[in-house]
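Here is the structure we will look at, set down as structure tokens.
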Amino acid sequence: MVVGLGVLSVVAILLYFSFNPENGFLFPKCPMHQYLGIYCSGCGSQRAIHDLLHLRIGDAIGHNALLLPALFVILQHLLVKAGVLKGKSLLGYRYAPLVLLVVVLLFMVLRNLKLYPFELLAP
């Protein structure tokens with residue numbers, strides 16, 4: 001199972017490195033944006049991943065400012081679970097799910113506001 005997940009991860013990384021989701025037919029469009037016209041919290045993540053793999057940090061943040069902090073939290077969680085880091089995972093705290101829900105929903109609402117500076121959060 002772990003090997004399969006590793007192979008799948010490598011394939012996904014190679015796809016996102018090789019193909020720009022902005023130009024491609026290969027990657028799915030966000031149904032929320034396509035049908036409702038609003039940006040969800042994940043809109044722009046595929047383009048942001050492509051930019052990160054090409055070391056374009058500013059472009060990645062421009063596509064989805066929430067992706068980098070999310071990746072850091074996930075990485076910290078994985079390193080704690082693997083025993084590389086000591087201490088408690090950020091996701092292991094009692095109110096972590098509630099905090100994550102509030103952050104994700106607040107980000108979605110703010111990035112759809114047509115007011116400066118919130119419009120900068122749109123992909």
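In terms of heavy atoms, His54 sits closest to Phe17 at NE2-O, 2.8 Å. Between Cys30 and Cys43 the shortest heavy-atom distance is SG-SG, 3.4 Å. Residues Arg56 and His50 approach most closely at NH2-CD2, 3.4 Å, considering heavy atoms. Heavy atoms only, all atoms of each residue included: Ser45 and Gly42 are closest at OG-O, 2.7 Å. In terms of heavy-atom proximity, Leu53 sits nearest to Ile13 at CD1-O, 3.5 Å.
With hydrogens and angles ignored, the 3.5 Å screen pairs a side-chain donor or acceptor of Asn64 with a backbone N or O of Ser41. Listed for the His63 side chain is no donor-acceptor partner under 3.5 Å among the backbone atoms of Gln46.
Of the options Leu66, Asn112, Val102, a side chain to side chain contact (heavy atoms under 4.5 Å, CB included) to Phe107 is made by Leu66 and by none of the others.
Note: the hydrophobic cluster containing Tyr16 also contains Leu26 (ILVMFWY, side chain heavy atoms under 4.5 Å, direct or indirect links). Hydrophobic cluster membership differs between Leu101 and Val109, with clusters built from Ile, Leu, Val, Met, Phe, Trp and Tyr side chains linked at under 4.5 angstrom. Residues Phe118 and Leu105 do not share a hydrophobic cluster, defined by chaining ILVMFWY side chains whose heavy atoms lie under 4.5 Å apart. No continuous path of ILVMFWY side-chain contacts below 4.5 Å connects Leu68 to Val103, so the two sit in separate hydrophobic clusters. Follow the hydrophobic side-chain contacts under 4.5 Å out from Val73 and you never reach Ile61; the two are in separate clusters.
Crowding of Phe27 atom CZ: a count of heavy atoms from other residues, nucleotides or ligands under 6.0 Å exceeding 12.
Taking the side chain as every heavy atom from C-beta outward, Val80 and Leu91 never approach each other to under 4.5 Å. By the 4.5 Å heavy-atom criterion applied to side chains, Leu113 and Leu110 are counted as neighbours. Taking the side chain as every heavy atom from C-beta outward, Ser89 and Gln76 approach each other to under 4.5 Å.
Shown here are the side-chain contact (heavy atoms from CB on, under 4.5 Å) partners of Ile74, two or more places apart in sequence or in another chain: Leu78. Residues passing the salt bridge (Lys or Arg N to Asp or Glu O under 4.0 Å) test with Arg111: none are found, sequence neighbours excluded.
With rounding to the nearest 0.5 Å, the separation of CG in Leu67 from CZ in Arg47 is 12.0 Å.
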Next on the checklist: Apply side-chain contact (heavy atoms from CB on, under 4.5 Å) to residues Leu75 and Leu79 and explain how you reach the verdict.
Outcome noted: CA-CA 6 Å; Leu75 181 62; Leu79 291 174; 4.0 Å; yes
Checklist entry - Going through the distances and angles, do His33 and Tyr39 end up as a ring pair (Phe, Tyr, Trp, His ring centres under 6.0 Å)? => result CA-CA 5 Å; His33 186 259; Tyr39 298 115; 4.6 Å; yes
Checklist entry - Would Met32 and Met108 count as a side-chain contact (heavy atoms from CB on, under 4.5 Å) if you check the C-alpha gap in whole Å, the side-chain angles of each, and the deciding distance to 0.1 Å? => result CA-CA 11 Å; Met32 188 173 272; Met108 185 173 80; 4.0 Å; yes
